[in-house]
Amino acid sequence: MNTNPAETTNRATTDPKANPDPLTGEPGSHPVGTGAGAASAGLAGAALGAMAGPVGSVAGAVIGAVVGGLTGKGFAEGLNPTEEANYWRENHARQPYAATGESYDTYADAYRVGYEGHSKYASTDDSFEVAEAKLRADYEMSKPSVAWDKAAPAARAAWSRGQRDPARKV
């Protein structure tokens, strides 16, 4: 386990999967949550503002997008991808599927799909099994080095961690 905070921070900010903020380089950026919140609230703001005419529609869209972006970012920050990656990096060797001697890096995409997938799909899909087709599609988009059948147990473990620890807000 790496206990040097400077090395941990450096590793996280140079890892492209740590979601570095495009402006500051800090890990844990949430562009999807921010974008989804901005888009949906911008549309709602435009619809409400339209009652005041074209100027109101534009103002409503802008204000709605800003507020929605901040709200979406806040929701997405309930899950810290850097923290999750570090958790699985430190605990990978204890997993039964790691007995083959393959490193964390072999399963990193599967873990990421599991914990991010729980945040994205757990509210509509009751279980890993119900969400599995979506998770598999997300996983395969990452161009992984391991087939889904072999990686699925790691994704399931990360999904299950979200169910066991509701304080993580996933």
Side-chain angles (χ1 to χ4, degrees), residues 1-3 5 8-9 11-22 24-41 67-170:
M1 181 169 125
N2 183 0
T3 57
T8 301
T9 301
R11 181 185 72 237
T13 57
T14 58
D15 179 357
K17 293 184 179 171
N19 292 337
D21 184 278
T24 66
E26 289 296 314
S29 176
H30 301 286
V32 173
T34 303
S40 60
V67 171
L70 293 173
T71 302
K73 182 177 189 288
F75 177 76
E77 285 181 346
L79 171 72
N80 182 331
T82 304
E83 182 179 302
E84 288 300 306
N86 287 339
Y87 173 86
W88 289 108
R89 186 177 288 109
E90 292 171 9
N91 290 283
H92 170 74
R94 293 187 202 87
Q95 306 308 309
Y97 45 84
T100 60
E102 291 171 307
S103 73
Y104 160 80
D105 293 329
T106 302
Y107 290 92
D109 288 329
Y111 288 125
R112 180 186 47 74
V113 163
Y115 58 74
E116 288 180 356
H118 187 270
S119 291
K120 287 173 23 181
Y121 306 125
S123 64
T124 56
D125 298 333
D126 295 337
S127 67
F128 179 87
E129 290 76 18
V130 172
E132 187 169 3
K134 295 174 192 172
L135 297 168
R136 182 179 187 155
D138 291 349
Y139 177 73
E140 290 174 349
M141 285 178 50
S142 70
K143 308 264 191 263
S145 60
V146 175
W148 174 252
D149 292 342
K150 186 173 181 178
R156 180 187 303 274
W159 173 283
S160 296
R161 179 171 142 81
Q163 289 179 315
R164 288 189 310 270
D165 189 0
R168 288 176 48 247
K169 301 180 188 174
V170 294

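- Between H118 and F128, the closest side-chain pair of non-hydrogen atoms is not below 4.5 Å.
- The closest side-chain heavy-atom distance from Y139 to V146 is below 4.5 Å.
- Residues forming a ring pair (Phe, Tyr, Trp, His ring centres under 6.0 Å) with Y104 (at least two apart in sequence, or on another chain): Y111.
- Closest non-hydrogen pair, Y107 versus A154, comes out as CD2-CB, 3.8 Å.
- Taking 4.5 Å as the limit, every side-chain heavy atom of D105 sits out of range of all side-chain heavy atoms of H92.
- Residues N86 and E83 form no side-chain contact, since every pair of their non-hydrogen atoms from C-beta on lies 4.5 Å or further apart.
- The side-chain contact (heavy atoms from CB on, under 4.5 Å) check on A131 picks up Y121, D125, L135, W159, with sequence neighbours excluded.
- The residues E140 and R136 are annotated as salt-bridged, a charged nitrogen and a carboxylate oxygen being separated by less than 4.0 angstrom.
- Using a 4.5 Å heavy-atom threshold, the side chains of Q95 and N91 count as touching.
- Residues K120 and D138 are in side-chain contact: their nearest non-hydrogen atoms beyond the backbone lie under 4.5 Å apart.
- Under the 6.0 Å distance and 45° angle rule, R161 does not count as a cation-pi partner of Y115.
- S145 pairs by the side-chain contact (heavy atoms from CB on, under 4.5 Å) definition with nothing, not counting sequence neighbours.
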